Amino acid sequence: MKEKLSLLWSFLRPALFSVTLHVSLIGLSLMGLWWPFSAEQEIQRGVVNPIQAKVVSGEELAQRALRKREEEERIARELEEQRQKKIEEQKRKEELEIRKKEEKRKKEQLERERAEEKKRKELEAEEKIKQEQKKEFEENQRRLEEEKRQKEEQKKQEEERKKQEEKELIEAERKKEEEKKREEEEELKRKEAEKKRKEEEVKRKKEEEERKKEEERKKKKEEEKLKREAAEEQRQREDDLRRQMESERAERQRAQTQSDAETALSALVDRIGAEVESNWRRPINSSSGLVAVVQVKVSPSGEVTSAKVVRSSGDKFFDQSAETAIKKASPLPFPSDSRYYEYINVFNFRFNPDDI
Amino acid sequence: MNTLTFSILDLTQMISKLFFEFYRIVRVVIGGAVLSTCLLVSPAGAVVTIEVNKGEVAGIPIAIVPFSIEGGGSASQPADVIQTDLGLSGRFELISKDNYISSPHDLESVQYKDWRLIKAEALVVGKVINLGNDQYEIRFRLIDVFREKQLAGQKFVISSKKIRKVSHQISDAIYRQLTGKPGAFDTKIAYVEVKGQIPNARYLLQVADSDGYDPKIVLESSQPILSPAWSPDGSRLAYVSFEKKRSMVFIQNVWTGERAGVAEYEGINSAPAWSPDGKKLALTLSKDGNPEIYIYDLASDQLARLTKHTAIDTEPAWSPDGKMIAFTSGRSGAPQIYRVPSIGGAPQRLTFNGVYNAGPDYSPDGESIVVITNQGNGYKVGLYSRNDRTVRELTRSKQDESPTFSPNGDMIMYATKKGGQNVLAAVSVDGQIQQTLQFQKGSVREPAWSPFNRRL
């Protein structure tokens, strides 16, 4: 910072000087031009001056004075220019000097820094060596201590081991005794268990025999039953076969008019439902949401042979009304064609009023 | 459903059918425009289910065979009484005698097909046997025609004048058996009959059977009698009499005739109503200015004022639990029903539809209140329901007054005008059955249905 200021000052100093000089010179010349007394003084001096013997007119005199002043100004200007040059020369020299100084300074600075760097590096190297030496020393120390410690440890362990061995020896002896005792006890137990096992074995065998007897008896019974069932099944099968044949005959018949039958069947169901519905009197004041299912069996002629509530609505009177409706509708409108009866001879009515 | 059906099916039938008979599932919705029928061959077998969705809500078809009268004498016919009772209730469809194929009088002689043919679900048969010395044996049987079994049967031995009463009891038994609710036929009604023309009219406070028969005069006066009210035990009547040219409230024993005045204050003394425990009377009195509701304690002779309003408060009615008193008040500008705790409190308005709702009487279950309502079509019996908080019109007549609930809550009796005559009529709570009681000759008003028979 300080260096920078001094550098700035070295530039400013000649500049300031030249400016001051110019100002003063201009001031002087202006005084000479405008001050009438100075011209008069000159004139007076001119009068005194014996060299000018000639009488001149006022105008000429003024002219002369002007010329003379111009001449003086010119001289002054030249002088000034010379001085200016000199000053600039001086300035240049000074600048050169400064630059030289600066360079020198920088060079010195550089050298100083280099020297310092070198010294620092030397110091660092020295320090590093010292550190390494110290480390090495500490390492050695530690190693020594470690060895010492290990030795102690070994010693301790050795002692421990010895103690342990002694202890184990005692323990082993104790265990041996215990083992012996246990073995004796176990032997006793084993013998008892064996005795018990044998007893149980006898018992088990006895039971097994009984079970076997029972199983044989059951098996025999089962076989008899199976035989009976097989016979029954056989009879059933024959029966069924006969019926199947009959049924197949009916089926063949039915197949001929399949679509007719289907239509007729749905119409029949429709008719039956309508019949029951027209006979259904729902009780007054029964609550809403009641549903009852009544299962119905009919005879081939459509006579209701049984009607029972298989799903109660929970309302006795509602259930009864449903059951009664079916009974009232009996005989249900079955056609004389018995084929219908094959399809519907047991069916459900679901009473589910939808308008409340 | 199919599995359920299986379990129910006879097992042997199942086995034989299992493999060789293919059932079809047929599901038919009946009554709808579209008949949705799907026929599927089901190897496992299934049972046709037929949906029944519509059914007429109607009374139970019942045939009541005239009882045989055996042993001579001129006993009245119980079947007529039963017929009238059951007909009035609206819960039965009476099958005309003209359609009967046979006339059995005991279970053994019943030919079920005769009754199935005319679709009678229930059949009543019985006989009256004159035992001599004014003793009669009455037997009846209630028969389920389609299940072919007896549902009820009873034998009574009574004097001739009790035949009607026993007939009402038979009606009660039939009603209970077929509807599940107690009958209210063996009960009484109190009403006021006016004989002659004003100013020479005679006022009779009468008590008759529920069907109007056998009226007995409780009080006769040349001045108006109003607002009879039964005590809960059915032994006493409270009423308003103008016999001293001004209104007074009396309590009178129906059987002994013994009576006492309970309110003879200045101004109006009216509208007595018994508390359910029979210990208090709610009254309308104007002794303190304008008509207000008071509670009179019979034992202590203490009077407590319940309402206080510049408008008229009158016609108190106790809730069955005794906690509330419903009453008519003009405080909204027109008569409306309010209620107030019977121990006192802030009145709460109950009715909002119609320009007029008055004369409340609680149903026995406390769920509804019968009133006279005018919703622009005249004064009709209306039912205020606690559930929907509205008043539903029940009658078609236009000059109804003084509605009173039957003790089983199924019927409402009221006074109305028919052909310029004051008559009593009854309506079922669902409004389906309305019948005028044809028994009386004079002008009758102010009915009050008694509680269940205790010692009437």
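Convention: sequence-line order gives letters A, B, ...; per-chain numbering from 1. Everything numeric here is computed off the predicted structure, so don't read it as measured data.
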### Task
Could you give me the CA-CA distance, side-chain angles and deciding distance for B:Val52 and A:Trp280, then say whether side chain to side chain contact (heavy atoms under 4.5 Å, CB included) is met?
CA-CA 9 Å; B:Val52 181; A:Trp280 186 26; 3.7 Å; yes

### Task
I would like to know whether A:Gln320 and B:Arg147 meet side chain to side chain contact (heavy atoms under 4.5 Å, CB included); could you show each step before the answer?
CA-CA 10 Å; A:Gln320 280 182 5; B:Arg147 286 176 192 77; 3.5 Å; yes

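Put simply, the side chain of B:Glu56 never gets that close to the backbone of A:Arg281: no donor and acceptor are under 3.5 Å apart. No side-chain donor-acceptor contact under 3.5 Å links A:Asn352 to the backbone of B:Asn53.
Of the atoms belonging to A:Phe317, it is side-chain heavy atoms, and not backbone ones, that fall under 4.5 Å from chain B. Interface remark: A:Glu248 contributes no atoms to any contact with chain B (heavy atom separation under 4.5 Å). With a 4.5 angstrom heavy-atom cutoff, B:Thr179 touches chain A only via backbone atoms. For B:Leu178, the part lying under 4.5 angstrom from a heavy atom of chain A is the backbone only.
Between the CD atom of A:Glu277 and the CD1 atom of B:Ile50 there is a distance of 11.0 Å, given to the nearest 0.5 Å. In this structure, A:Phe349 CZ and B:Glu51 CD are separated by 11.0 Å, a value rounded to the nearest 0.5 Å. Here A:Ile284 contributes atom CD1 and B:Phe92 contributes atom CZ; the two are 9.0 Å apart, rounded to the nearest 0.5 Å.
Counted within 6.0 Å of CD on A:Glu177, heavy atoms from surrounding residues, nucleotides or ligands total 12 or fewer; the atom is thus considered open. In the displayed structure, B:Lys181 atom NZ is contacted under 6.0 Å by more than 12 heavy atoms of other residues, nucleotides or ligands.
Taking both residues in full, the closest heavy atoms of A:Lys328 and B:Pro61 are given as NZ-CG, 4.0 Å, listed atom of the first, atom of the second, then distance.
A:Ser278 has its side chain out of reach of B:Lys54: every pair of non-hydrogen atoms, C-beta onward, lies at least 4.5 Å apart.
Under the 3.5 Å distance criterion, with hydrogens and angles disregarded, no donor-acceptor pair is assigned to the side chains of A:Ser330 and B:Arg116.
Taking chain A as the reference chain and counting heavy-atom pairs below 4.5 Å, the highest number among B:Gly180, B:Gly59, B:Gly90 is found for B:Gly59.
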